[in-house]
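One structure is given below, encoded as structure tokens.
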Amino acid sequence: YMGAITDTNNAVRPVSSLQLIDSNIEEVSLGEDIFSKLSEEETEFDFSQFFKDNIKIEVVKEVFGNYENATFDAKTILNKVLKDTTQLNKQLLSLISNTGGIGGLKIVLDKRIENPGEYDSSTKTIKINPELSINEPIDEQDAKKQLHEVIMHELLHHITTSLLNTNPALLTSEQRKWVVALKTLFKSTQEKILKDDIHGKSLQEAIDAVSDENGFLSASDKSMYYGLTSVDEFVSMLITDEGFRDFMNKTTYEGEKSIFDKFIEILSKILKALGVQINDESVLKEGLTNIIGLIESRVENRNIEDGA
């Protein structure tokens with residue numbers, strides 16, 4: 001026992017050699033704290049986005065067996081969609097199959113296109129961008145729903161575009177009836193919304209954006225107004241987009257009413273089960289009637305290139 005070390009005695013505190021060596025080492029700067037940097041990078045990693053991206057890739061692979069650019073036989077892809085899609089899509093695919101099918105339609109995965117999906121009527125080809133066709137999915141079911149909607153949207157173009165743009169003289173009387181009915185309904189609805197105090201300006205902006213090569217439509221505006229920019233989009237959006245269907249269901253239709261056939265009754269029940277009560281005097285009801293009539297009329301004239 002050495003007693004307390006004070007300022008007044010001659011005792012010397014023992015100092016280890018290790019401490020002496022350490023005391024002679026100059027401080028060397030290592031620059032930024034690499035461990036702090038690693039921690040920051042770890043916190044910047046977005047697990048939520050990683051989860052969503054992984055769902056997107058898995059869902060695309062489930063339908064196409066691939067995520068890279070490739071060409072597929074449309075029948076193979078549509079049969080996969082048929083197995084695990086909504087009742088509405090199943091009824092539409094069944095109707096298309098029973099009224100002439102899809103012919104030599106091809107579906108291509110192409111990450112280079114700037115839209116979720118595109119249809120080329122000259123080559124009978126649907127292009128799907130796997131990166132854009134699914135946007136911020138909530139879960140796997142939401143991802144499938146989005147992908148199926150894009151595929152069905154472009155499929156409707158394949159089925160109806162040639163009829164809508166064929167010389168009326170080459171159509172059968174039944175086909176002309178539905179083509180005229182759809183074009184009349186589209187035109188009258190577009191004019192009505194353009195005059196509307198709430199939606200008129202937004203619709204005009206959407207029309208201008210579509211005609212402009214560099215135009216842009218937000219997701220909400222596309223759902224609401226894109227279907228009123230052309231008769232072709234009117235047909236596809238009315239069938240495949242919930243937001244547009246709801247908008248048209250709230251828009252009254254003034255004109256001669258068509259008669260719902262058995263398929264329309266089934267379609268109405270499906271939509272009702274989804275929480276959509278179709279209003280009798282709505283653009284939605286009239287539009288669905290005319291679209292189904294147009295699809296069914298394909299079987300009447302095999303000389304028309306209607307995608308069959």
Side-chain angles (χ1 to χ4, degrees), residues 60 63-64 66 68-81 89 92-93 95-97 99-133 147-172 174-176 178-180 182-183 186-187 206-207 209-215 217 222 226-241 290-291 293-308:
V60 171
V63 175
F64 291 92
N66 199 346
E68 303 305 319
N69 294 352
T71 301
F72 306 87
D73 174 62
K75 291 179 182 177
T76 301
I77 302 304
L78 294 177
N79 278 327
K80 288 185 179 180
V81 172
N89 286 342
L92 286 169
L93 289 170
L95 176 65
I96 291 168
S97 177
T99 56
I102 58 172
L105 177 68
K106 296 291 183 182
I107 299 182
V108 175
L109 280 184
D110 190 346
K111 296 179 182 178
R112 296 166 297 182
I113 64 173
E114 297 180 355
N115 299 303
E118 296 177 358
Y119 174 65
D120 186 337
S121 59
S122 63
T123 61
K124 300 289 190 292
T125 302
I126 290 174
K127 291 183 178 181
I128 303 293
N129 186 327
E131 300 284 356
L132 302 179
S133 57
L147 179 61
H148 292 176
E149 281 182 0
V150 174
I151 293 172
M152 294 299 294
H153 181 98
E154 302 308 328
L155 177 62
L156 261 293
H157 283 319
H158 172 66
I159 298 302
T160 62
T161 293
S162 57
L163 280 173
L164 289 170
N165 295 283
T166 293
N167 184 338
L170 299 177
L171 300 174
T172 67
E174 184 73 4
Q175 289 168 344
R176 276 197 301 274
W178 296 117
V179 168
V180 170
L182 269 173
K183 288 183 175 181
F186 164 73
K187 193 65 178 175
I207 294 172
V210 170
S211 61
D212 184 349
E213 185 177 338
N214 298 314
L217 276 179
K222 183 173 182 179
Y226 188 51
L228 291 173
T229 61
S230 74
V231 67
D232 294 289
E233 296 304 338
F234 180 72
V235 170
S236 284
M237 292 290 283
L238 203 60
I239 292 289
T240 62
D241 190 275
N290 294 337
I291 291 168
L294 180 64
I295 294 174
E296 289 184 329
S297 73
R298 297 188 309 147
V299 298
E300 293 200 358
N301 188 350
R302 293 298 183 181
N303 294 323
I304 300 294
E305 278 201 345
D306 56 4

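I207 is not listed as a side-chain neighbour of L228, based on a closest heavy-atom distance of 4.5 Å or more. Side-chain contact between M152 and L93: present, with at least one pair of heavy atoms (C-beta onward) separated by less than 4.5 Å. Looking at heavy atoms from C-beta onward, K222 lies out of side-chain contact with D241 at the 4.5 angstrom threshold. Side-chain contact between L238 and L156: absent, with no pair of heavy atoms (C-beta onward) separated by less than 4.5 Å. Looking at heavy atoms from C-beta onward, L109 lies in side-chain contact with V60 at the 4.5 angstrom threshold.
By the side-chain hydrogen bond (donor to acceptor under 3.5 Å, both in side chains) test, T240 pairs with H153, sequence neighbours left out. Among residues two or more places apart in sequence or in another chain, the side chain to side chain contact (heavy atoms under 4.5 Å, CB included) test is passed with V210 by L217, Y226, T229. Checked against side chain to side chain contact (heavy atoms under 4.5 Å, CB included), D110 has the following partners two or more places apart in sequence or in another chain: N69, V108, R112, I113, K127.
For the atom pair CD1 of I291 and OG of S236, the computed distance is 8.0 Å after rounding to the nearest 0.5 Å. The line from CG of L78 to CD1 of I126 is 7.0 Å long, rounded to the nearest 0.5 Å. Here the OG1 atom belonging to T161 is positioned 8.0 Å from the CD atom belonging to E233, to the nearest 0.5 angstrom.
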> Are H148 and V63 close enough, and set up right, to give a side-chain contact (heavy atoms from CB on, under 4.5 Å), and what steps lead you there?
Replying inline: CA-CA 9 Å; H148 292 176; V63 175; 4.3 Å; yes
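A side chain to side chain contact (heavy atoms under 4.5 Å, CB included) with V150 is found for exactly one of I128, L132, N115, namely I128. For the side-chain hydrogen bond (donor to acceptor under 3.5 Å, both in side chains) with Y119, the lone residue among H157, E154, H158 that qualifies is H158.
Residues F72 and F64 approach most closely at CE2-O, 3.2 Å, considering heavy atoms. Taking all atoms of both residues into account, the shortest heavy-atom contact from P116 to S133 is CB-CA, 3.9 Å. Annotation for E118 and E114: closest pair OE2-N, 4.2 Å, computed over non-hydrogen atoms. Contact between L155 and L105 at its shortest, heavy atoms only, is CD1-CD2, 3.9 Å.
With hydrogens and angles ignored, the 3.5 Å screen pairs a side-chain donor or acceptor of N129 with a backbone N or O of K111. The main-chain N or O of L164 is found under 3.5 Å from a side-chain atom of K183 such that the two form a donor-acceptor pair. In this structure, the side chain of Q175 engages the main chain of T172 through a donor-acceptor pair within 3.5 Å.
Counting non-hydrogen atoms of neighbouring residues, nucleotides and ligands closer than 6.0 angstrom, the NZ atom of K80 exceeds 12 such neighbours.
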